[in-house]
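Right, one structure below, let's go through it.
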Amino acid sequence: MTIRVTMTVNGDELTADDVWEGESLLYVLRERLGLPGSKNACEQGECGSCTVLLGGEVVCACLVAAGQAEGADVVTVEGLGDGEQLATIQETFVESGAVQCGFCTPGLLVTAFDLLNRDPDPTDATIREALAGNLCRCTGYEKILDAVRLAATRQSSSA
Amino acid sequence: MEFLRPTSLSEACQLKAEHPDAVPLCGGTDVMVDLNFDRRRPEALLDLTAVPELYEWSRYDGRLRIGAAVPYTAIIEQLATEAPGLAIASRTVGSPQIRNRASVGGNLGSASPAGDALPPLLAANGEVETMSTTGARRIPIHEFFLGPKHNALRPEELIAAVHVPVASGPQQYAKVGTRNAMVIAVCSFSLALHPDTGRIGTGIGSAAPTPRAAPEAEDFLAAELADRWTAPDELPDDVVRRFGELVAAAAEPIDDVRGTADYRRHALSVLARRTLTWTWAEHRSQERAQ
Ligand SMILES: Cc1cc2nc3c(=O)[nH]c(=O)nc-3n(C[C@H](O)[C@H](O)[C@H](O)COP(=O)(O)OP(=O)(O)OC[C@H]3O[C@@H](n4cnc5c(N)ncnc54)[C@H](O)[C@@H]3O)c2cc1C
Ligand code: FES
Ligand code: FES
């Protein structure tokens, strides 16, 4: 048996058919809905590279069963910018050198985007705590912290 | 496999009665890992995330009823005053992504000796409310854990909520691990002072086949504190030390990759002394403020 799942992804209502009941939201996004931005690394909630917003909250898409997302509002890294213009946090990641191999980047962007929505002027401790579930093997995190601080500054001066 | 998605608690109980082998699925932070790694292939998943009752919490008669699905993030943000031990423990769980989904009901369902929500529920003397088509049960938390990853839930039952008295005094939780985020505790300890009844609550994690209390340590400390609750002074060193020893003696730890049994016993006595020092200091400052 399989199920059909309909959800709103980055503002569009999308339907996936033939979904196996135990399949993760991550698999459905990547393999059935053509949204490979969210990465699959550990499938056990440890790395955060699959982070998406589900109902406005950061979650590991690898730990959400697709059927649990029925009717839900999902935002992936593909939905942070508007198609023309990158989101501020995406620009500052590029400018700060926060991207090396880039595998962790989509998850970190979604997490940092959510953080700055909740707390436009986070302390360093708050940033570290918010990003604790996103692992990066390459950068040593300093440039990622720089990128988040720069995005906070830029967004508050343009607000 | 079947994917069952009830939208009320009574429908969930009905489905569980019809499919006793269905695996309840809440935040999925334990179940989905098993599915992703092919460690479990249940006949059916019973998704509880569309059951609104399980996400509610309320206060009644000096107690809190916390729905089984309430995620750690909500406990941290909303229940830090009424259930401080549980809220402190919730802060140590996983990462923000995990805390947004994972629930106390799931922690009880998994019944891991390392479950972080479990020692504070023991220390607070909580109860587990279960529900099935034949009715509700209240299981004292001290009778809920039967063995490693084995609890008192019957196949037809769901966990509906946990109940804890609203804190009447300071509570603490501390765990030993290699870093703050994303670690399974090497051992952990929760302490609750109950000045209203003169009782002490304890909960030990990761140092026995199940989470468990340290009843001798509780009785010892309750007797020592009996005349000290009002106008409290600093506690004598030998009381603090003896409390630590009795907590360590209640554990039944093993050697594993995270630590040796000896290390766990030692670390537990340190955690017990530390949490006693913190909670007593808090009690003293509250008494002085009154
Ligand atoms: C990366 C990562 C880090 C983690 N870190 C920690 C940590 O620091 N501390 C810690 O304690 N745990 C940790 N965990 C484990 C897990 O997050 C917790 O055990 C959590 O409380 C499980 O809740 P859940 O809602 O996700 O449970 P689920 O995975 O949905 O379910 C867990 C079990 O409980 C059963 N169940 C769930 N709800 C009910 C119900 N209402 N009635 C009956 N049975 C039910 C399920 O059938 C299953 O057997 C971590 C997990 C991951 C993936
Ligand atoms: S792939 Fe989901 S957390 Fe690593
Ligand atoms: S840039 Fe390579 S893992 Fe982060």
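Not measured: the values here are computed from a predicted model. Protein chains get the first letters and strands the later ones, always in sequence-line order, with residue 1 at the start of each.
For A:Ala65, the parts lying under 4.5 angstrom from a heavy atom of chain B are both the backbone and the side chain. Heavy atoms of B:Arg41 lying under 4.5 Å from chain A belong exclusively to its side chain. Heavy atoms of A:Cys62 lying under 4.5 Å from chain B belong to its backbone as well as its side chain. Heavy atoms of A:Thr111 lying under 4.5 Å from chain B belong exclusively to its side chain. When heavy atoms are compared at a cutoff of 4.5 Å, A:Leu54 approaches chain B solely by way of its side chain, counted from C-beta outward. In this structure, the portion of B:Leu45 lying under 4.5 Å from any heavy atom of chain A is its side chain and not its backbone.
Counting non-hydrogen atoms of neighbouring residues, nucleotides and ligands closer than 6.0 angstrom, the OH atom of B:Tyr55 exceeds 12 such neighbours.
Between chain A and the options B:Thr29, B:Asp30, B:Asp47, B:Asp34, the largest number of non-hydrogen pairs under 4.5 Å is found for B:Asp47.
Closest of all the heavy-atom pairs between A:Glu70 and B:Arg5 is O-NH1, 3.7 Å.
Taking 4.5 Å as the limit, every side-chain heavy atom of B:Glu2 sits out of range of all side-chain heavy atoms of A:Glu21. With contacts defined as side-chain heavy-atom distances shorter than 4.5 Å, the pair A:Ser24/B:Met32 qualifies. Two residues are said to be in side-chain contact when any heavy atoms from C-beta on lie closer than 4.5 Å; B:Gln97 and A:Leu63 fail this criterion.
Using modelled atom types, no side-chain atom of B:Asn36 and backbone atom of A:Gln44 make a donor-acceptor pair closer than 3.5 Å.
By the salt bridge (Lys or Arg N to Asp or Glu O under 4.0 Å) test, A:Arg30 is found to be paired with no residue, residues two or more places apart in sequence or in another chain being considered. A search for salt bridge (Lys or Arg N to Asp or Glu O under 4.0 Å) contacts involving B:Arg99 returns A:Glu129, not counting sequence neighbours.
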